[in-house]
4 protein chains.
Amino acid sequence: MKDKRQQILETALKLFVENGFHATPTSMIAKEAGVATGTLFHHFKTKEELINTLYLETKEILIQALTKQVNEQDTLKSKFRQVFYNAINWAISHPDHQFFYSQYSYSPFISTLTRELGLQRFHVIQELLKEGQENDILKAIPIGLMIDTAQGTLDGITNYLMEHPEKIDDREFTEQAFSMFWDVLKG
Amino acid sequence: MKDKRQQILETALKLFVENGFHATPTSMIAKEAGVATGTLFHHFKTKEELINTLYLETKEILIQALTKQVNEQDTLKSKFRQVFYNAINWAISHPDHQFFYSQYSYSPFISTLTRELGLQRFHVIQELLKEGQENDILKAIPIGLMIDTAQGTLDGITNYLMEHPEKIDDREFTEQAFSMFWDVLKG
Amino acid sequence: MKDKRQQILETALKLFVENGFHATPTSMIAKEAGVATGTLFHHFKTKEELINTLYLETKEILIQALTKQVNEQDTLKSKFRQVFYNAINWAISHPDHQFFYSQYSYSPFISTLTRELGLQRFHVIQELLKEGQENDILKAIPIGLMIDTAQGTLDGITNYLMEHPEKIDDREFTEQAFSMFWDVLKG
Amino acid sequence: MKDKRQQILETALKLFVENGFHATPTSMIAKEAGVATGTLFHHFKTKEELINTLYLETKEILIQALTKQVNEQDTLKSKFRQVFYNAINWAISHPDHQFFYSQYSYSPFISTLTRELGLQRFHVIQELLKEGQENDILKAIPIGLMIDTAQGTLDGITNYLMEHPEKIDDREFTEQAFSMFWDVLKG
DNA sequence: GATGAATGAGCCTTCATTCAT
DNA sequence: TATGAATGAAGGCTCATTCAT
């Protein structure tokens, strides 16, 4: 039998995505996870701690996923392409995590923290953006605008793919999508 | 003295933005608005109806704002530019409405509705996008992807401006921002 | 029908005396009082506030009772006698309040406040004690010791009477009891 | 390293005095004592058993302390004086035990038992009281009243000393205090 | 003996909503 | 229209206790 703590985390992720944080009682999580309510609070002092733990774990694996094989590319553009494919592939194959991440990011009760954490998420991209600006490949605009816009564009594309997951295997389509992403950035 | 119904709506908007829907009890809204709890439910049958009313009103004025003076422009690009400025100016001058709108859109308990509504919001843009594709000015890609990406990019830019509101008066900056928006779309 | 708030207070007093604060759930109070749980919390923000309200009210009527007719007496001794009878009569006729008062006073979660409040309770006696010392009628010892001891002696006598309430009508007995109280104090 | 059982008892005493029985979870006792929760319940079947054990031990050493050297005195008064000093010295040097004892005595969930136990505590005094009455040295009043009043007076004095511990070394003061105690009793 | 994860009944409190005035 | 006391289902969390290791 799986570790109860892990079982709770997985169940919580699923239910949060389905119903949202507030509409998911801890009792429901416990029941669905097959544990007692006390067990949930044995592992996570509060509901909020459970949510945060989930977020932190999600962020960690997301960052891992985004970074993969990026540095093995030669040109800056291929590096961006790699990040781009990493991002959309991850979203498609981990839809729950992806939804959870959005939900958490827009949740008002964590506003301040969120921004900072949101940036961490795109740390790889930020580095590439800076590099590209220094080499005059990308637009010469405030880095902050660049980051927010890149993130927005990528989110837009991801949103579409989440609703049309079959497109992920259509290389022509994904290349078109990537060209949009690239066009926002390149100078 | 202002109309009580209106007072409730304004107070609710402010509090929802500050705390989120779920963390804002109707009792708090009533108290802050200076009315009895019964009065709130006299005007709005349920809390959800209050939220929806707020959303509908917001959407209406947002659409009005986005559309303004668009058809007075000659080229497609200037039309997009006009929409772009309309969007960012509105966001900056109505931050509460803007936040409320995002929050509502990402709220899981209205998921199905959201898509549809989100589209309505960008109805102007959609029309322009179609027009641009038909005239081979914009990228020849699925219209859905185009819409989602345009919306994402615009949201990204808006996010940045919300945190740096002083930039709204820096024409050079806003033109750079617009160029990003335009580059995503143009073929 | 009686005022609900009052009904809650009376029921709570009864139950607290029977079971103690901790062993009396608010749900039990509400049910026994014939109101909804929400009603209890509508009138008292927390369980603790309910307890404190009960204490304050009890203290008030106790003080009133102790003071009665004291100043109509001529000698200091008769004043003390009056207070003494006031105290034991009140205890016998309001056993619940009396028990509640003891329980509250010894409750560890209100330690600091208690001392101070306990003194208020015996404000009348304190004044008499000071007067007696100034006139060399009472023992010339630190007033604090005098107060605490007087209170202790009176509590002891009261305790006995609570278990033998019939004695309250035995004038010979009560006079013997009073002589004990008086002997502790007189110089 | 100290015996775990003993460690639990000592920690429990300290915490009960600080927070009261109900506000002291067994988990807190275990943690503070540096043992596992299971260990606590290995030594004491229930929380109540732990409390009772603590009470019994306290009572035992209290009785020992009160009795010390009493029978070595010649007159009844010196015997009372001896008990008196035994009582206040013990209270001052074992404040936690003293507080615990009071708390236990006033705890509503052991009401019935309490009376009986309270009597045991003053068994020495009771014997002396009886002896004194038989020899016409003490007041000729119901022995029950005598016991309760003596206890009350002594508690009052003790309370004062607990708050002014430095007075314990002021022989003039303690003799004044004793005279109060003696005056309540003597005929 | 010792451990600590697991249990689940039960507690305090919240909050959307109703209704008599 | 407006009021606010009253409602009660539901939620987060606690805590004494058990039990497999």
Side-chain angles (χ1 to χ4, degrees), chain A residues 1 3-5 7-8 21-31 33-50, chain B residues 3-5 7-8 21-31 33-51, chain C residues 1 3-5 7-8 21-31 33-50, chain D residues 3-5 7-8 21-31 33-51:
Chain A
M1 196 207 295
D3 187 57
K4 303 225 168 190
R5 191 191 128 98
Q7 189 62 39
I8 291 168
F21 302 138
H22 289 279
T24 307
T26 53
S27 60
M28 185 192 290
I29 300 173
K31 186 192 280 185
V35 304
T37 62
T39 306
L40 189 155
F41 286 95
H42 179 68
H43 290 289
F44 308 95
K45 254 198 293 279
T46 63
K47 185 182 184 180
E48 195 168 343
E49 185 177 312
L50 169 59
Chain B
D3 188 59
K4 300 223 170 192
R5 191 190 128 96
Q7 190 61 40
I8 292 170
F21 303 137
H22 289 280
T24 306
T26 53
S27 60
M28 186 192 288
I29 300 173
K31 186 195 278 187
V35 304
T37 61
T39 307
L40 189 153
F41 284 92
H42 181 69
H43 290 288
F44 307 94
K45 222 166 6 220
T46 65
K47 185 183 185 181
E48 196 168 343
E49 186 178 312
L50 169 59
I51 296 176
Chain C
M1 197 207 293
D3 188 59
K4 302 226 170 192
R5 191 190 128 98
Q7 189 61 39
I8 292 168
F21 303 138
H22 290 278
T24 307
T26 52
S27 60
M28 185 192 289
I29 300 173
K31 186 192 280 185
V35 303
T37 62
T39 307
L40 189 155
F41 285 95
H42 179 68
H43 289 288
F44 308 95
K45 255 198 294 278
T46 63
K47 185 182 184 180
E48 195 169 342
E49 186 177 312
L50 169 60
Chain D
D3 187 59
K4 300 223 170 193
R5 190 190 128 97
Q7 189 61 40
I8 292 169
F21 302 139
H22 289 280
T24 307
T26 52
S27 60
M28 185 192 288
I29 301 173
K31 186 195 278 187
V35 303
T37 62
T39 307
L40 189 154
F41 284 92
H42 181 70
H43 289 288
F44 308 95
K45 222 164 8 219
T46 65
K47 185 183 184 180
E48 197 169 342
E49 185 178 313
L50 168 60
I51 296 176

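Letters A, B, ... are given to chains in the order of the sequence lines, protein chains preceding strands, and every chain is numbered from 1.
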> On DNA chain F, nearest-nucleotide positions of A/Thr46 versus B/Gly34: which is more 5'?
Replying inline: B/Gly34
> Between F/dG11, F/dA2, F/dA16, which nucleotide has the shortest distance from any of its atoms to the side chain of D/Pro25?
Replying inline: F/dA16
> Expressed in angstrom and rounded to an integer, what is the separation of B/Ile8 atom CD1 from F/dT1 atom P?
Replying inline: 11 Å
> Between F/dA16, E/dT17, E/dT7, which nucleotide has the shortest distance from any of its atoms to the side chain of D/Lys47?
Replying inline: F/dA16
>> Distance criterion of 3.5 Å, no angle test: do you see the side chain of A/Thr26 paired donor-to-acceptor with the base of F/dG12?
In response: no
>> In whole Å, I'd like the distance from the NZ atom of C/Lys31 to the P atom of F/dA9.
In response: 12 Å
> If you check every side-chain atom of C/Phe41, which of E/dC12, F/dA2, E/dA6 has the closest atom?
Replying inline: E/dC12
> Does the F/dA16 base have a donor-acceptor partner in the side chain of D/Thr37 within less than 3.5 Å?
Replying inline: no
> Taking CD from C/Glu49 and P from E/dT13, how many angstroms apart are they, rounded to a whole number?
Replying inline: 10 Å
> Can you tell me how far C1' of F/dC15 sits from CG of D/Leu50, to the nearest Å?
Replying inline: 15 Å
> How far apart are the closest heavy atoms of C/Ile8 and C/Ala33, and which atoms are they?
Replying inline: CA-CB, 4.1 Å
> Using purine N1 to pyrimidine N3 plus N6-O4 or O6-N4 for Watson-Crick, or N1-O2 and O6-N3 for G-U wobble, both under 3.5 Å, which nucleotide pairs with E/dA20?
Replying inline: F/dT3
> Closest heavy-atom contact between A/Lys4 and A/Val35?
Replying inline: CD-CG1, 3.7 Å
> So does D/His43 get a side-chain nitrogen or oxygen closer than 4.0 Å to the phosphate oxygens (OP1/OP2) of E/dA2?
Replying inline: yes
> Which nucleotide, E/dA2, F/dA2, E/dT7, lies nearest any side-chain atom of B/His42?
Replying inline: F/dA2
> Nearest 0.5 Å, what's the OG1-CZ distance between B/Thr26 and B/Phe44?
Replying inline: 12.0 Å
> When rounded to the nearest 0.5 angstrom, what distance separates CG in C/Leu40 from CZ in C/Arg5?
Replying inline: 11.0 Å
>> In this structure, how many angstroms lie between the P atom of E/dG10 and the NE2 atom of D/His22, rounded?
In response: 16 Å
> Closest nucleotide of DNA chain E for B/Thr24 versus for D/Gly38: which of these residues is on the 5' side?
Replying inline: D/Gly38
> Nearest-Å distance, CZ (D/Phe21) to P (F/dT14)?
Replying inline: 23 Å
>> For F/dT3 and B/Lys4 - does any side-chain N or O of the residue sit under 4.0 Å from the phosphate oxygens OP1/OP2?
In response: yes
>> If I take atom NE2 from residue C/His43 and atom CD from residue C/Gln7, how far apart are they, to the nearest 0.5 angstrom?
In response: 11.0 Å
> So do the side chains of D/Leu50 and D/Ile29 get within less than 4.5 Å of each other, counting heavy atoms only?
Replying inline: yes
> Between atom CD1 in B/Ile29 and atom P in F/dA2, what is the gap in whole Å?
Replying inline: 17 Å
>> Please report the distance, rounded to the nearest Å, between CZ in A/Phe44 and P in F/dT14.
In response: 15 Å
> Quick one: which of F/dT7, F/dT3, F/dG11 gets closest to the side chain of A/Ser27?
Replying inline: F/dG11
>> Whether A/Lys45 contacts F/dG12 is assessed here as follows: a side-chain N or O lying under 4.0 Å from the phosphate OP1 or OP2. Is that the case?
In response: no
